[in-house]
Structure formats: C-alpha cells, structure tokens
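Have a look at the structure below before the remarks.
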Amino acid sequence: MNTDYNFREIEAKWQSWWAEHQTFKTVEDPSRPKYYVLDMFPYPSGAGLHVGHPLGYIASDIYSRYKRLRGFNVLHPMGYDAFGLPAEQYAIQTGQHPEKTTNDNIARYRRQLDRIGFSYDWSREIRTCDPEYYKWTQWAFLKMFGCWYDNDAQKARPIEELESAFAQGGSSAVNAACTEHEAFTAEQWAGFDSLKKEEVLMNYRIAYRGETSVNWCPKLGTVLANDEVKEGYSVRGGHPVEQKKMTQWQLRVSAYAGRLLDDLDALDWTDSLKDMQRNWIGRSQGCEMVFKTVNGSEEYDVTIFTTRADTVFGVTFLVLAPESDWVEKLTSADRKAEVEEYLSQVRKKTERERISQTRNVTGVFSGSYAINPLTGDKVPVWISEYVLAGYGTGAIMAVPAHDSRDYAFAKTFNLPIIPLIEGCDVSSESFDAKDGIMCNSGFLNGLTVKEAIPAAIDYVEQHGLGRRKINYRLRDAIFSRQRYWGEPFPICYKDGRVIPIPFDKLPLELPEISTFLPTESGEPPLARAEGWEYEGCPIETCTMPGFAGSSAYYLRYMDPHNQDALVSREADEYWRNVDLYIGGTEHATGHLIYSRFWNKFLYDLGYVCEKEPFRKLINQGMIQGRSSFVYRIIGTNTFVSFGLKDQYKTTEIHADISLVHNDRLDTEAFKKWMPEYADAEFILENGEYICGSAVEKMSKSMFNVVNPDNVCDTYGADTLRLYEMFLGPLEQSKPWDTKGIDGVHRFLKKVWRLFYDRDGLILNDEKASPAELKSLHKLIGKVTADIEAFSYNTAVAAFMIALNELTELKCSKREILEPLIILLSPFAPHIAEELWHAAGHEDTITFAQWPQYNEALTVEDSCTYAVSFNGKTRFTVDLSKSLGKEEVEAIVREHSLTAKYVGDGKIVKMIVVPGKIVNVVVK
RNA sequence: GCGGAUGUGGCGAAAUGGUAGACGCGCUACUUUGAGGGGGUAGUGGGAGUUUUCCUGUGCGAGUUCGAGUCUCGCCAUCCGCACCA
C-alpha cells in the first residue's frame, strides 16, 4: 500500500472526478443565496499561461469554494476574450486563419487551467469570437444605434421618441446628448427630406457614425481608442500613433460621464482604481462664455470654457485649437499663408512629438479680434496647439497672469499680462493658486477667489453672456477598427444611407477572406470579402474593437445558451451582478469604463436590473520574473560564480531559470542548454556555481518564464495554489521566487502525515483534547476572517501554525482533522478531496459545511502572566478564567495602578507600563 | 506638475494604537546512515553579557498618546496612474 503523498495521482484523479460528476455545474436555485465570482477572462495568446496569470484565478477560486462551503449558490464561470490584434497579426505573417490559431491557443489554455484544479462551470464557457456570442454584441450595438440620450431624464431612449419630439417642438424640445447641435423648428424638421433627417438623427444616436479626430496607428493599420494609446504609442506593439480626422463609428460614452462618475462612490473598489476612473472621466465645473469675434466685416460668436470665470478681467487674448472649426472662419485674409503654414506643421507631428515638445511654445496670430464680454476690451485671437480640440469648446480665454500655460505663451509672443490678485508677483511666473483677494476686476474687487468664481458666473448668466457648465474629459469611444478579426457591424449602406441589419438576421457572421492584409487602397480586410453585402447593399467593412466583446460578457454567463435574449429576465434577476470581480489594473480606464457604460445602457432599456456590473473589485498584483545571471569572463568561455565575479571582467548573461535551483546553477545542464556553452568551464565558490539575480518582467527573452505546468509536475497544483497565495498580499506585485515553494510543499506532506503513517490510515475517533480543540478553533477563526478579508497569505500561515501544533500533539483525530481539511479545501482542493474520501465520505468536499467557530475553545485554560514593573517589581496575574471589569479593577487597586479598561470579553494579555497605567487588551 | 500607493531582518512577509519581526525561505549547530529535492531538535534583527538579563531597533524629522511600525504634519526614496484638461 502506497501511503505517501502522491499528488500527481491524487490531482489527476480528482480533476477527472469533478469533470465526470459535473461537480461545478451551476443551476439557478432561488432557495439559496447567490454569489457571482468572476475573473477577467484571458486573451488566449500564443505564449500560453505563465505562473503570473493564475494568481487572480486562484484567489477567486478560493473565494468561490469558500462561498459554496458556506451554502451559497456560486456562479464561477470562465471564457475567452478571443478577438484581437495578435491573432490577426499572426495570421498576416503566416496565412493561418485567426480562428484556427485562436482555437489552438484556447485548447492549450484550457489544458493549463484544468491542471490547477479550478472550480469553473465550464458548461457556461463563452468565447467572444463565437457567432452565438457575438450575436449579442451586435444586438447591443443595434440597440445603441436605435437610441438617443435624454440629458434631463438621464437615460437612453428609443430614437423614435426623439423623432416625434422633433416633429412637435423642433430641436429645442429635448435636452439631448449630441455631437453637433443644429437648431431647427418643428416646421423645418417636417420640411427635411428623409436623408437629412437621418443625418440629423445620427448626431443623437448612442452608437453613431461621424467624423472625429482619431488615434491612427499606421503600423497596425487601424484606429485605436484613447485607452489603447499610451504616451503616443500603441499599447499593443508599441507603434507610433498620430492624430487624423476620419469618419468612424463611435459610442456616446460621454453622455454617461456624470453617472459613471457618481455611481463610483457606492462601489467596493479600491480608492486608487476609483481615482483612476475619476481622473479619466475628468469632471470640471466652470462656465461657457461667448466672445464676440470680428474678422474684418464678419462677426462670429466664439464660445470658450473656463473654470476661472473670476479671471475674465485679465483676459489678454483668446486661443483656438489648430483643429477648431473657428480657425478657418477667424483667419484674416492677410494671415492666411502664415496660419496655413502653422497648421501644416502641427499636422505633421505625431502624437509623440507633440507630447515631447510640451515645453516649446508655438502659435500663430489669426488676424481676428475678440471683445471681452465684461470689459469690452478688444483682444487678439491666436491659434496654438496647447489648446486641445477635443476638450471643452476647443477655444480658451487666456489669462496669462493666472495660468502658467497662458503665461508661457504670452511671454513668447509678447502679449500683455494683467495681474488680478492683490500682492501677487507675476514678473517671472504666473500665480495659479485659487487664493487671494481680487483686484483690477471691476465688480469682483475685494472678493476672495473662492467667492469671485461663483459671483462671476452668476453675472455671466444674468447678462446672457454664457452659462454654467460641467465639462468632462471622457471622450466618446471610437468603435471602428480597420481589421478582420473582430465582430462585423450589422450595418449596410444604401444610397448614402446607414441601414441597420434587422435583429432576426443576427448573427452577421464574419466572412471568409483569402488574405488578412488591408487592401491596396488601404481599405479594411473585409473589403476583400466576396459578396459582403446585405440585400445588395455593401456591409460595413470595419469591425468592432476588442472591448466590444468584453463589455457584457458577465451578463452572458448568467444565461449562456439563451437563443432569444442576451440574458433572460429570470436569470438576470437571480444573478443580478458580479459580487466579486478579480483582475488586473490595466483595464482601469478601458474595459472597466466600457463595461459600466454598456451595463448602464442596458439598464436604461430595462434589459438588466442592476446599475453597476461589478460590485466588488480586486486588482491582483503582477507576478514578476526572477531572472538568473551567469558571468562569462570576456573573451573566454569560462563562467565565474557570482561572489567572485568582481575579480574578472565579465559580461552578464541571462541563464534559463530551469537550470538554476536556489541560485545554484546546474552546470551540466547549462552546458547542454545551448551549443555555444557545450565546453563551458566554471570557476566555482565552495564547490558551487552561484548565479546573480534580478526582478524583471516575466518574458521569454529573459529566460525567466515559469510555466505552471512545470510547477504542477514537480510539486502539484495544490502546492502551486498555496504557494501563490503565500507569496504575499494579493494586490501587491511580487517576484516569483521558487525558493519558498519547498516550505509549502512540506506543509502538505505533513498534512498527509496526520492521516497516514507508513502503515496506512491512522485517522481515529478519539475525543479531542482541549489543546487540540484550541488549535482547531483558532484556525477556524483566523482562516474565516482572512478569507473574508482576502488576506490569503496570512491564512496559509495560520494553517502552518495549526499544523505545527497538531503535529506536536500527534493528533490524528477525526474530530479535529475533518474540519481542518474542509478549511483547507478552498486552497488545496485535491488533497482535501482525497483525505475527505479517506475519512470515509462518499461525496465531494465541495459542498461540505464550513466548520462553526467557537471562540470559547480558543481561550487559554491555564495561563499565568508574569508582569514586570519598573524593570524590577513583579507580580503575576492569573488569566485562567476570563476577567471582567471588576477583576481588572481589583488588580489595579492591589498594585496601586491606574487603568483603562477596553471592551469586554476575555482578557488574554496584560501590559504594564512603568509608573502609570495598566492597559487591558481584550482579544 | 496633479492624483494614488508603498517604505519593517539576508529574503518573501506578520502585527483591532499595546511584548515588533508570526509563518515560510535561507543560514548555523546537533541528531537520524530512508540523500529521486529526507526527517527531527535547537538557534537565528543588531550590540553587550558566563546564567537570570540589559541596551538598541520598523526610510528621515517633528507631533498626539501612559504607549506609535500603526494616527497627524513636514521631508526623502521607490512604484503606479494621468498629464498643455483651460
């Protein structure tokens, strides 16, 4: 009889047992409380999983299993975010269909995931590239196309309601979110032909097509969303990105900016993540103000946005963004050539260059002048790239005395600077602080800045010069990608009109094409598809971006096989929203914004019952790699050990970490690793070759990738799971360091030893001693609290402490060990199942009952504390029974102390401070 | 520049304002000759002392408190996010 801890056998056995018995298949059950635990589904890349990926999955799996043990009906699904650029790039290079490589990658991911023993309900698996799934992505898009946003009601409404509002009262009948506001009366609306009406409505649709300045990435041949660009480079691939005007599909996310911001407060997310979103949404409160502007004989109203209405008396010029529509109108005939020259210079710059040249002040005078609405002063209108077209109105009033950017501009172009705050010095820099007493400001003189801002806005509103306005930085999401491997738009074009393809024709499936490159004329790959048309009308050739498929996937898991709806009302009302969502921070301003927007849109239409998709969110940290280095003496094939390397001139070379254990290099394996090292020689220290190390990103080129499969081979999935949790706090980034894994593995072997000795099972039915019960209940209390707090590293430590105590007590009692393995089962499910089975249970441990914590059993039954006082005085306090307030006070009197009594309960610890006070700590 | 987080042994890390360093790794000594990642015992922040023990110690500097790794303020350093957002 083999009585060793044979994790390979055990893990394979239970993984197939769970699969056969469909242990984790979840069914809606109104008699039990629900709990929805979700991982951010992975993009199945060609490289497979490394040891960092499962960190969050393990954490969520532990919580899922814990919740099941506590009687919850747990929804814990998994799927794949399977559309995307890398598969398509690979297809372009190799000609392989992205569907094939994606499926291969998914199969590999699945094998890797299965080995770790996750409790996913795979019957609910979804893939965003599956037509049965993307049907509902297309459906949602059509719904957005068919809706407008009512700013007064703060919700999306069907476009038909907008049409009838226009028919009754023209454009002023509603307060709607729109791209370009064009005023018209009901009569004018009635006079529009259908094409014109369509054009007008397009400005209001939540999914709309319109010209906008986009992030164009020439290398990838596609536009990108703001969150897909970082510092002027594409997040995927790191290619330069430039600004370009293009007609693109967009989602009116900006209409939801206020709600996206306000509803953050109620979410159980970290402050840093909420702040990131707040930042990204970028609410600022101020006012719009109209400046009458004169270009020769022409007069225009230029609307500017400012948060500092109080500084309007210090305006010495206006500035337009180069892309602003006013530029053309306000360029005087004699300035035309210079303005054109400046605009072409600006256009040539990539986003990257614009950012890196932040310090260089550039601009050009338009030739026009504006009238300050409060002072009547005439000020010049300039054009400069420091004003952004996409924010506010694309035009600003410049107050150089109190804005550093305006100040730099004024200094460069010799424009006047008027200080407005008493005693401020603007001789070398602007005074930006919102602090001080106003001067040179007419009716605002004498007020503080904080009083002056609302006073100025009130004045502006009362005199019809402008209005209060809240501006958001959040932009509409550009929704077209000039790529093949994404959801097709259910849209076709006929006689210049945009026609939605009816719901009952969905899914509109991706057609086969011969090659995945864009066409010669630069059109998207779908332009190559034969017969890509609907009833004779050409279908849109762009596809949807990556975030389309991931925006509502959590809803589909609730009801993945529903043919008639994204999610049925019953399923939605049962599962509601995600209770716990675990994933990386990298989605803070992408997926997590879009998903919230998408959910709110569906909420407005009554398809989902919760305002927010993800109630609690945890960002797991990254696991970095720990690279190992060997040191080759320059010009030789001799390698010198880390401690001796300073005696030679060496180059540092990454050594594959599979050749290294506890920083010691397996020199023979190293020789076989690469041909060039076959005859390598080594200078050892103490008979060993010690490697250097560094923490770096886990990547193939650093030879520091740890594959979870290898860890499962060597130590087993349970050890991997425990170790990843033991490594440190979940949210923290930390390097993968194989050193400590032996300790965790040893722990599991010792757990096994409590059940088995060399002769077989030693589990017995003897009655537990108080000491054993104390160990157990301390553990129950600690582990329960730690799981609830997601403090998994300390939970694992608690197991080790309990184990040490029970091993010391030679405890093999069922009364202790059965609850212990239930506690352990979320962390190490395979060994727990095996021992549960060994203890005589036929069923799975998955639905056992979480042990009841009895605090009374954890109290010391006999304990005398020696207390030192003033370094000399000593007395003892018997804490054998719980002490109440009276007993404490008695001790205090006896020793002439003063005391502060804290709380009630059992006193386990007394601390005496020399001279004064006894403070009683209650545990 | 703005916002957020973090700073504790040789290492990963613990500590409702209450004996700092639990637990694990590593290391040291002893032990068991079952060394295909063996088992056990003891020790392990630094310094002093033959023993009981003492001093010192959580990035730096103040403050609150009987008491601060923990709370407050100011620095310093590191990491992350945003960044000409008017």
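Residue numbers begin at 1 in each chain, while the letters A, B, ... track the order of the sequences. All heavy atoms count here, side chains included; hydrogens, waters and symmetry mates do not.
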Using a heavy-atom cut-off of 4.0 Å across all strands, would you classify [X] as base, sugar-phosphate, or nothing?
| X | answer |
| --- | --- |
| A/Arg746 | sugar-phosphate |
| A/Leu727 | sugar-phosphate |
| A/Asp275 | sugar-phosphate |
| A/Asn471 | nothing |
| A/Asp406 | nothing |
| A/Pro729 | sugar-phosphate |

(message) Is the shortest side-chain heavy-atom distance between A/Leu727 and A/Asn793 below 4.5 Å?
(response)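 Of all side-chain heavy-atom pairs linking A/Asn793 with A/Leu727, none is under 4.5 Å.
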Pair assignment for [N], Watson-Crick or G-U wobble, requiring both distances under 3.5 Å:
| N | value |
| --- | --- |
| B/A48 | B/U53 |
| B/A86 | none |
| B/U58 | none |
| B/G9 | none |
| B/A20 | none |
| B/U33 | none |
| B/U65 | none |
| B/G81 | B/C2 |

Using atom [atom1] of each nucleotide, how far apart are [N] and [M] to the nearest Å?
| N | M | atom1 | value |
| --- | --- | --- | --- |
| B/C71 | B/C2 | C1' | 26 Å |
| B/A14 | B/U51 | C1' | 32 Å |
| B/U64 | B/G69 | P | 16 Å |
| B/U52 | B/U6 | P | 40 Å |
| B/G21 | B/U44 | P | 11 Å |
| B/G45 | B/A13 | C1' | 14 Å |
| B/C76 | B/G40 | C1' | 48 Å |

Would you say [X] reaches [N]'s phosphate, i.e. side-chain N/O to OP1/OP2 under 4.0 Å?
| X | N | answer |
| --- | --- | --- |
| A/Tyr386 | B/A86 | no |
| A/Asn804 | B/G24 | yes |
| A/Ser284 | B/A86 | yes |
| A/Gln732 | B/A13 | yes |

(request) Consider the side chain of A/Trp280, meaning its heavy atoms from C-beta on, and name the nucleotide among B/C82, B/C84, B/G4 that approaches it most closely. (result)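 Nearest to the side chain of A/Trp280 among the choices is B/C82.
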(request) Would you indicate which nucleotide in B/A15, B/G24, B/A13 comes nearest to any side-chain atom of A/Thr794? (result)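 So the side chain of A/Thr794 is nearest to B/A15.
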(request) Return yes if a side-chain donor-acceptor contact under 3.5 Å exists between A/Tyr342 and A/Thr362, otherwise no. (result)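 Yes, a side-chain donor-acceptor pair sits under 3.5 Å.
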(request) Answer yes if the side chains of A/Tyr715 and A/Asp742 hold a donor-acceptor pair under 3.5 Å, and no otherwise. (result)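 Present: a donor and an acceptor within the cut-off.
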(message) Output the rounded distance in Å from CZ (A/Arg758) to C1' (B/G34).
(response)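 A/Arg758 atom CZ is separated from B/G34 atom C1' by 7 Å.
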(message) Distance check needed: B/C79 P versus A/Met276 CE, whole Å only.
(response)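 Spelled out: CE on A/Met276 to P on B/C79 is 16 Å.
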(request) Could you check A/Arg473 against A/Leu273 and say which one's nearest nucleotide on RNA chain B is further toward the 5' end? (result)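 Checking each residue's closest nucleotide, the 5'-ward one belongs to A/Leu273.
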(request) By nearest nucleotide on RNA chain B, pick out whichever of A/Asn279 and A/Lys750 is the more 5' one. (result)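 On the 5' side of the pair lies A/Lys750.
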(message) Can you confirm whether or not the ring centre of A/Phe317 sits under 6.0 Å from the ring centre of A/Phe413?
(response)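 Aromatic pair excluded; centres sit 6.0 Å or further apart.
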(request) State plainly whether the residues A/Asp4 and A/Arg753 are in salt-bridge range, i.e. N to O under 4.0 Å. (result)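 Yes, charged N to carboxylate O under 4.0 Å.
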(request) Look at the aromatic rings of A/His402 and A/Phe431 and report parallel, tilted or perpendicular, splitting at 30° and 60°. (result)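 Answer is perpendicular, since the angle exceeds 60°.
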